[in-house]
Colleague: 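Here's a structure for you.
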Amino acid sequence: MPRLSYRRALTRALGDELARDEAVFLLGEDVQVGASLVTTGLAKRFGTERVRDTPLSEQAFTSFATGAALAGLRPVIEFQIPSLLFLVFEQIVNHAHKFPLMTGGQCSVPVTYLVPGSGSRTGWAGQHSDHPYSLFAHVGVVTVVPATPADAYGLLVTAIRHDDPVVVFAPAGAMDVRADVDDLTPVPLGRGRIHRFGDDVTVVAIGHLVHDALAVAEEVADQVSVEVFDPRTLYPFDIDGLAESVARTGRLVVLDDGNRSCGMAAEIIASVVERVRLLAPPRRVTRPDGAVLPFAPALDRAVQPGRAQLATAIHLTMKDSS
Amino acid sequence: MTDADPVRLYRTVRLIRRFEERAVELVHGGQIVGGVHPYLGQEGIAAGVCAALDADDVLAGTHRGHGHVLARGADPARMLAELCGRVTGLNAGRGGSMHAADLSIGVLGANAIVGASGAIITGAVWAYRRQGRDTVGVSFFGDGAVNEGMLLEAFNLAALWRVPVLFVCENNGYATTMPVAGAVAGSIAGRAAAFDIPAVQVDGQDPETVRVAAAAAVDRMRAGGGPELIEARTYRFDVHHTFEHAVRLDYRPPDEVTRGRARDPVRIQGERLTDTDRAAVDAEVEATLDAAVRFAVSSPEPDPADALTYLYASGLTARAGGG
């Protein structure tokens with residue numbers, strides 16, 4: 001059983017899709033050299049025409065990809081820094097996402113926006129540490145946040161083959177995760193995954209936080225039986241899968257590396273309580289409202305949702321329903 | 001192959017002129033909601049440029065975009081139905097005046113975000129050529145767009161990667177109410193020069209002048225040249241948007257408007273035809289537009305249950321908004 005890192009799973013997915021489909025091409029900053037260590041070797045294998053370095057013109061090359069997609073290709077853009085998504089939010093939302101509806105179904109815009117190293121990388125400070133997946137879920141752009149190497153491979157492949165724009169967040173906190181992977185296959189959008197079954201509380205964890213949730217579940221296992229649900233895709237969200245889980249456990253805690261107000265945790269809780277009567281009020285562990293990650297490592301960590309906070313939330317949820 | 005026929009060029013400007021006048025009437029009559037940005041006075045640019053294009057070429061228009069779509073050969077009836085929000089419209093009633101487009105004839109969207117189309121068309125042309133087509137592209141934009149960073153980034157990409165895109169700046173003197181002199185440091189052609197993009201200024205009121213300049217640029221691009229820019233000096237005969245018919249905004253001196261309207265592309269091209277030919281074209285255009293109006297206003301409106309039908313090309317469906 002080969003061990004595969006999350007980062008190499010992304011590389012494999014890009015390579016496999018470039019090899020499988022001539023319409024796929026990759027563009028972004030420093031992708032030929034592979035500064036993110038994800039596109040390593042692809043320029044040599046597929047040529048610099050299909051693995052294109054761009055000038056620092058994020059808005060233009062994002063819309064360039066939209067145009068190429070309108071013309072029948074399947075561009076993949078790598079953004080080295082999550083905050084670059086703020087710069088191209090207009091190009092993704094206002095153009096790539098809106099074109100199919102505005103043209104009355106005359107076109108599709110199959111572009112994949114890959115963000116390797118989203119969220120905190122520790123020490124990269126305010127402008128390099130955001131995790132803005134909730135923004136894309138809010139506007140209705142397909143948004144995936146894989147937690148494991150197998151899902152990183154499978155969801156990136158699916159994203160590239162998908163006929164609408166997809167943002168793939170590959171959290172910095174997951175990039176070095178390694179796992180034994182038997183089978184590299186596409187993973188369907190909108191389908192969550194239960195990593196650990198439990199009876200007392202469902203913890204929804206997003207991206208790298210799945211691994212924290214699993215660790216906490218193990219820590220508290222002698223007191224609470226925790227189920228860990230990984231949505232994998234934030235939009236469309238597997239609400240059926242989650243509702244089924246919460247209907248069994250009766251309790252819900254969400255672990256989300258986004259800001260609290262209008263974040264994914266809020267949406268997930270609202271979607272569950274519309275359908276399931278809980279035994280205790282739901283809880284969420286998130287970044288604070290309006291968080292800007294400070295530089296100093298201790299401050300950086302203080303602003304991110306942590307294992308201790310999750311353990312506390314689980315215990316409080318159990319207490320509230322006893 | 002450029003179409004140098006003066007009658008067809010006249011027909012295009014006349015069609016756009018009368019289409020726009022009909023559209024304004026339909027706005028006032030309440031059949032078109034949301035108003036329109038009339039292309040009145042600027043017809044010669046779309047007509048001249050599109051006469052220089054081949055079937056494989058592509059263009060992207062703007063919020064003031066009816067002229068581009070019509071000049072490219074879209075069906076005026078389906079175009080007008082789109083403006084009226086009908087299911088028979090080019091965009092099935094989902095786009096309206098600012099987004100009416102016909103992708104089947106190479107109109108890759110009408111974009112209401114100023115300066116947005118340059119990069120999109122650059123990517124599309126690059127992609128078509130990668131697939132073996134001999135495509136060149138046109139990005140239409142106004143003078144307001146030359147201060148958008150996104151467009152200047154597109155100039156750089158197109159020039160750097162030698163993508164044959166004809167950037168056509170329709171300089172009508174105003175970005176909404178902002179005069180060019182109050183907005184543009186340096187010059188429009190100078191922006192192109194900064195990227196080594198060849199640029200010419202032409203009289204946008206003469207359709208034939210525009211056609212000749214566009215055909216020369218297209219020839220050079222098809223022979224392997226990179227992007228070029230045409231600054232077509234023009235004048236908007238009417239309002240920025242039809243809301244100004246209700247709310248008068250005081251920003252253009254009356255004598256300037258009079259002078260501007262004196263150079264009429266429809267009259268200029270019309271004078272190149274015999275009276276008989278011109279009358280025949282005018283009659284045919286009227287008949288076409290009479291039929292277009294009848295088609296548009298009698299077409300069914302979309303079913304509200306289908307409001308988000310085309311949201312996702314992949315077939316993904318969105319959750320409903322109700323409680």
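Letters A, B, ... mirror the listed sequences (proteins, then strands); counts begin at 1. Quantities reported herein were computed from a predicted structural model and do not represent experimental measurements.
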Colleague: What distance do A:Phe61 atom CZ and B:Asn156 atom CG have between them, rounded to the nearest 0.5 Å?
Modeller: 12.5 Å
Colleague: Is there a side-chain contact between A:Pro100 and B:Leu311 in this structure, where contact means two heavy atoms from C-beta onward sitting under 4.5 Å apart?
Modeller: no
Colleague: Atom CD of A:Gln91 and atom CD of B:Glu153: how far apart are they, to the nearest 0.5 Å?
Modeller: 8.0 Å
Colleague: If you count heavy-atom pairs under 4.5 Å with chain A, which of B:Ala313, B:Ala127, B:Gly315 comes out on top?
Modeller: B:Ala313
Colleague: To the nearest 0.5 Å, what is the distance between CZ (B:Arg319) and OG (A:Ser271)?
Modeller: 4.0 Å
Colleague: Going by an N to O cut-off under 4.0 Å, is there a salt bridge joining A:Glu49 and B:Arg129?
Modeller: no
Colleague: Evaluate the side-chain proximity of B:His99 to A:Met102: yes if any heavy-atom separation is below 4.5 Å, no if none is.
Modeller: yes
Colleague: What orientation do B:Trp161 and A:Phe64 show, parallel under 30°, tilted 30 to 60°, or perpendicular over 60°?
Modeller: perpendicular
Colleague: Heavy-atom distance under 4.5 Å between the side chains of B:Leu103 and A:Phe99, does that happen here?
Modeller: no
Colleague: Among A:His95, A:Glu274, A:His162, single out the residue with the greatest number of heavy-atom pairs under 4.5 Å to chain B.
Modeller: A:His95
Colleague: Distance only, no hydrogens: is a donor on one side chain within 3.5 Å (strictly under) of an acceptor on the other, for A:Asp164 and B:Ser314?
Modeller: yes
Colleague: Could you go step by step and tell me if B:Trp126 and A:Phe25 meet the ring-ring contact (aromatic ring centres under 6.0 Å, His included) rule?
Modeller: CA-CA 12 Å; B:Trp126 177 84; A:Phe25 73 102; 4.8 Å; yes
Colleague: Given the options B:Ile121, B:Val87, B:Ile113, which has more heavy-atom pairs under 4.5 Å with chain A than any of the others?
Modeller: B:Ile113
Colleague: Can you say whether A:Thr54 sits under 4.5 Å from chain B via the side chain, the backbone, both, or neither, judging by heavy atoms?
Modeller: both
Colleague: Check whether any side-chain N or O of A:Gln106 sits under 3.5 Å from a backbone N or O of B:Ala101 as a donor-acceptor pair, and report yes or no.
Modeller: yes
Colleague: Are A:Glu22 and B:Gln131 close enough that some pair of their side-chain heavy atoms sits under 4.5 Å apart?
Modeller: no
Colleague: Please report the interatomic distance CG(B:Leu151) to CD(A:Gln59), rounded to the nearest 0.5 Å.
Modeller: 11.5 Å
Colleague: Identify the two heavy atoms, one from A:Ala60 and one from B:Ala119, that lie closest to each other, and give their separation to 0.1 Å.
Modeller: O-CB, 3.4 Å
Colleague: Mind checking the CG-CG spacing from A:Leu189 to B:Leu316? Nearest 0.5 Å is all I need.
Modeller: 8.0 Å
Colleague: Nearest 0.5 Å please: distance from the CZ atom of B:Arg130 over to the CG atom of A:Leu73.
Modeller: 6.5 Å
Colleague: For B:Leu308, is it the side chain, the backbone, both or neither that has a heavy atom under 4.5 Å from a heavy atom of chain A?
Modeller: both
